[in-house]
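The block underneath contains the structure these notes are about, expressed in structure tokens.
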Amino acid sequence: MVKKIGVLTSGGDSPGMNAAIRAVVRSAQSYGITVYGIYDGYRGLVENRMFEMGRYSVSETLGKGGTILGSARLPEFKQKEVREKAVENLKAEGIEALVVIGGDGSYRGALELTRMGINCIGLPGTIDNDIASTEFTIGFITALNTIVDAVDKLRDTSSSHKRCSVVEVMGNRCGDLAIWAGICTGAEIVVTPQTGFDEDDVINQLNYFHDVRKKNHAIVIISEKMTDVEAFAKKISKYTGFDGRATVLGHVQRGGGPSPFDRVLASRLADRAVQLLNDNIGGQCVGMIDNKVVNIPFEEALDKPRSSRKELYSLFERLV
Ligand code: F6P
């Protein structure tokens, strides 16, 4: 019987991480398991910064953005000696298993820890929706709401000034935030790693919207790391009938209280994580497919190709 487990949040924070921590703590209590919170992801584990969490340590956290445990990225965790220190700290405290809330980089660390004798379960905590083993990551829908709210506002002012707004969104090489936002806001153009970026082609399309479709403004949503949006907006002013303006939404996309969907998702997935650890099962990550909570081995999840979202891209094209 598992008596003590740890929980940590790792990588970029995402709205709903607190809801997941809360559900881990409360669900574990129902099995008689004690939970230790670990500060700042794997860094806190290696530096032995952990504390016992009671029912009330997660009171009023369900609707809070960010993560009460803090988060960090620790590239050194790839080194065996660093992980050995983490395992030593866990064993000294009698912690037998861990819930790791983060992205696929965090899953890799969790897989290695499982191989070293600490059962780990991964929960998908990232706004990027870039984890193949779940249809939704915790925080994606909240970040999407933030983007949609911003783009709706940008459309108001773009329309008033006959401008083209180029909006850069996050995604870490995954185009989901961009394409979903494009569909939600009726953007004219979406550029993601999936579509690729052909500057001349986008300029031609904008000229078509301006000259043929007689649009007085346009919205281009573009995934981060595709191009320099400030420079591109200047080219739009030069080569199209629109006045170009760039907006980088940045880290505002990661903040804010989680949407109801993310609160429920986080709670459902975290509850499964605790059930698995209670059954002495580790080395798995939990996700949601077809509105059902599922768990699959880390190896399988990390090998799984991400959906190309063909249906969403062709839907977008038909509706423009
Ligand atoms: O993975 C989440 C994410 O917000 C990505 O979308 C983005 O590329 C990255 O983290 C930004 O990281 P940082 O907070 O280190 O700037």
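None of the values given here were measured: they were computed from a predicted structure. First listed ligand is number 1; within each ligand, the first listed atom is number 1. Count residues from 1 along the sequence.
Close N/O approach between Gly171 and ligand 1 is found [any backbone or side-chain N/O within under 3.5 Å].
Counting only residues at least two apart or on different chains, the ring pair (Phe, Tyr, Trp, His ring centres under 6.0 Å) pairs with a member in residues 238-291 are Phe136-Phe261, His210-Phe242.
Of the protein's non-hydrogen atoms, Asp128 OD2, 3.2 Å is the one closest to atom 2 (C) of ligand 1.
Hydrophobic cluster membership differs between Val286 and Ile118, with clusters built from Ile, Leu, Val, Met, Phe, Trp and Tyr side chains linked at under 4.5 angstrom. Hydrophobic clustering (ILVMFWY, side-chain heavy atoms < 4.5 Å, transitive): Leu69 and Tyr42 are in distinct clusters.
Residue Met170 approaches ligand 1 through these ligand atoms, each under 4.0 Å from one of its heavy atoms: 4 (O), 6 (O). Atoms of ligand 1 lying under 4.0 Å from any heavy atom of Arg73, numbered from 1 in the order shown and given with element: 1 (O), 9 (C), 10 (O), 12 (O), 13 (P), 14 (O), 15 (O). Those atoms of ligand 1 that come under 4.0 Å of a heavy atom in Lys225, given as number and element, are 8 (O).
Applying the ring pair (Phe, Tyr, Trp, His ring centres under 6.0 Å) test to Phe232 and every residue at least two apart in sequence or in another chain returns Phe197.
With a 4.0 Å cut-off on non-hydrogen atoms, Gln253 does not touch ligand 1 at all.
Scanning His251, Glu224, Arg254 for the heavy atom closest to atom 8 (O) of ligand 1 points to Glu224.
The existence of a salt bridge linking Glu88 and Lys91 is excluded, since no basic side-chain nitrogen approaches an acidic carboxylate oxygen closer than 4.0 Å.
Shortest non-hydrogen contact noted between Leu277 and Ile281 is CD2-O, 3.5 Å.
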